[in-house]
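Scroll down for the structure; my scribbles are underneath it.
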Amino acid sequence: MNAMTARVYGSGHAARQAVRRGEHRGPTAGIAPGYVQGNLAILPKALADDFFRFCHFNPKPCPLLAASEPGDPRLPALGEDVDIRTDIPLYHVWRDGRMVEAVSDLKALWRDDLVAFLIGCSFSFEEALVEDGIPLRHISCGTNVPMYRTSIQTQPAGPFHGPLVVSMRPLKPADAIRAVQITSRFPAVHGAPVHIGKPELIGIKDIMQPDYGDPVEVKDDELPVFWACGVTPQSVIATVRPDFCITHAPGHMLVTDLKNSRLAIL
């Protein structure tokens, strides 16, 4: 199931219930228009304070929406019935910095010392771009947005350090200018782009070979526009190599009860 064939739900609650029942297992782009989605990182309590500081030091790739209490799978700030163990379509399990398993729920893996962090997702500002008439190719193609590890380093906090991950959307120059204006209004979901054009300047050797997601064409009259991406924690995890943690599978987010319109600052 992809973004073009997925059923559209009328609320974040309805989308989460569909995920929890196993009715939706694909990427979550477009399944609940108007509602904020979040990237997931779950870490043992011993690493939680340092990761919280890492998010604070790196607000563009890691704009923190909420964090759970240790051992508590609920995130009431994002929805009264949220259960982080069941409400994301696909999770990645990491051991010693390697992704070792993809699972559809965390019931067998949940521990009393785990802390869940939800980080803002670019799906929120994409909705604002589309409403303004700016076409987004990965949406029209029904694929996941392409994402790349870069040569830009995040600001470290404790053991957490590593490269910035960016998502890319090809835009005509006039649309790129407008996109900067629009996404600057959404700092809670990555804000303005971090780079435009010349991917080699940020360490991307081949634009058609993303590290995550799916490749999309960049036409001759378009510029690749790069935003900081909430998959950055996965890149950091691969660098830090904690003995255990859990993330969402790229593109498979938590749909919250927050409205995208509430995140705009202007």
Side-chain angles (χ1 to χ4, degrees), residues 3-4 6-20 24 26-40 55-56 58-68 74-84 87-89 116-140 142 144-145 166-169 171 174-194 225-232 248 250-266:
M4 294 294 287
R7 178 179 171 184
V8 174
Y9 299 90
S11 68
H13 172 79
R16 290 194 303 277
Q17 290 296 313
V19 170
R20 194 177 299 179
H24 182 91
T28 52
I31 72 167
Y35 289 87
V36 173
Q37 299 192 26
N39 302 280
L40 173 69
C55 293
H56 177 71
N58 298 277
K60 286 189 77 70
C62 301
L64 190 61
L65 297 176
S68 74
R74 300 171 300 168
L75 288 164
L78 303 181
E80 289 186 4
D81 71 325
V82 169
D83 187 333
I84 204 62
D87 292 357
I88 285 177
F117 296 86
L118 259 292
I119 294 165
C121 168
S122 59
F123 290 168
S124 292
F125 73 62
E126 284 185 346
E127 184 174 282
L129 295 176
V130 171
E131 287 180 352
D132 202 68
I134 297 175
L136 300 177
R137 185 152 300 124
H138 67 284
I139 292 179
S140 64
N144 204 351
V145 67
V166 295
S167 58
M168 188 277 292
R169 294 155 187 83
L171 299 174
D175 286 340
I177 293 169
R178 182 63 181 146
V180 171
Q181 296 170 330
I182 292 171
T183 58
S184 294
R185 298 173 53 222
F186 291 90
V189 285
H190 305 306
V194 296
V225 184
F226 300 93
W227 278 266
C229 178
V231 176
T232 297
H248 67 293
H252 299 68
M253 311 292 184
L254 177 76
V255 185
T256 77
D257 288 347
L258 304 179
K259 298 299 291 285
N260 288 324
S261 58
R262 297 291 297 271
L263 298 185
I265 60 173
L266 297 174

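Quick caveat, the model's predicted, so the values are computed rather than measured.
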Side-chain heavy atoms of [X] within contact of [Y], under 4.5 Å:
X    : Y    : value
H252 : L40  : no
M253 : H248 : yes
L64  : L118 : no
K60  : V194 : yes
I84  : S68  : no
L75  : L78  : yes
I134 : L171 : yes

Pairwise distance [atom1]([X]) to [atom2]([Y]) - rounded to 0.5 angstrom:
X    : Y    : atom1 : atom2 : result
Y35  : T28  : OH    : OG1   : 15.0 Å
F186 : S124 : CZ    : OG    : 7.5 Å
L254 : D83  : CG    : CG    : 10.0 Å
N39  : C62  : CG    : SG    : 8.5 Å

Self-check item: Expected output: side-chain W227 to main-chain S122 donor-acceptor under 3.5 Å
Solution: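 The answer is no, because no donor-acceptor pair under 3.5 Å joins these two groups.
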Quiz item: With no hydrogens and no angle check, is any side-chain donor or acceptor of Q37 less than 3.5 Å from a backbone partner on C121?
Solution: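 Checked: no pair found.
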Exercise. Kindly write out the residues that satisfy side-chain hydrogen bond (donor to acceptor under 3.5 Å, both in side chains) with Q181, not counting sequence neighbours, or none if the list is empty.
Key: R178
Quiz item: By side-chain hydrogen bond (donor to acceptor under 3.5 Å, both in side chains), which residues pair with H190, not counting sequence neighbours?
Solution: none
Practice problem: Go through the steps for H24 and I31 under the test side-chain contact (heavy atoms from CB on, under 4.5 Å), then give the verdict. | Solution: CA-CA 9 Å; H24 182 91; I31 72 167; 3.6 Å; yes
For [X] against [Y], the heavy-atom pair lying closest together:
X    : Y    : answer
V225 : P193 : CG1-CG, 3.6 Å
P61  : N58  : CD-O, 3.2 Å
A192 : T183 : CA-OG1, 3.4 Å
A32  : S11  : CB-O, 3.9 Å
P63  : P187 : CB-O, 3.9 Å
G30  : V8   : O-CG2, 3.7 Å

List for me each residue that meets salt bridge (charged side-chain N to carboxylate O under 4.0 Å, His left out) alongside [X], sequence neighbours excluded, and say none if there are none.
X    : result
R20  : D81, D87
E126 : R169
D175 : none

Quiz item: For H13, which of V82, D257, V255 qualifies under side-chain contact (heavy atoms from CB on, under 4.5 Å)?
Solution: D257
Exercise. Test I119 against L65 for side-chain contact (heavy atoms from CB on, under 4.5 Å), laying out the working first.
Key: CA-CA 5 Å; I119 294 165; L65 297 176; over 6 Å; no
Quiz item: How would you list, by chain and number, every residue that makes a side chain to side chain contact (heavy atoms under 4.5 Å, CB included) with S261, sequence neighbours excluded?
Solution: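 Result, side chain to side chain contact (heavy atoms under 4.5 Å, CB included) vs S261: K259.
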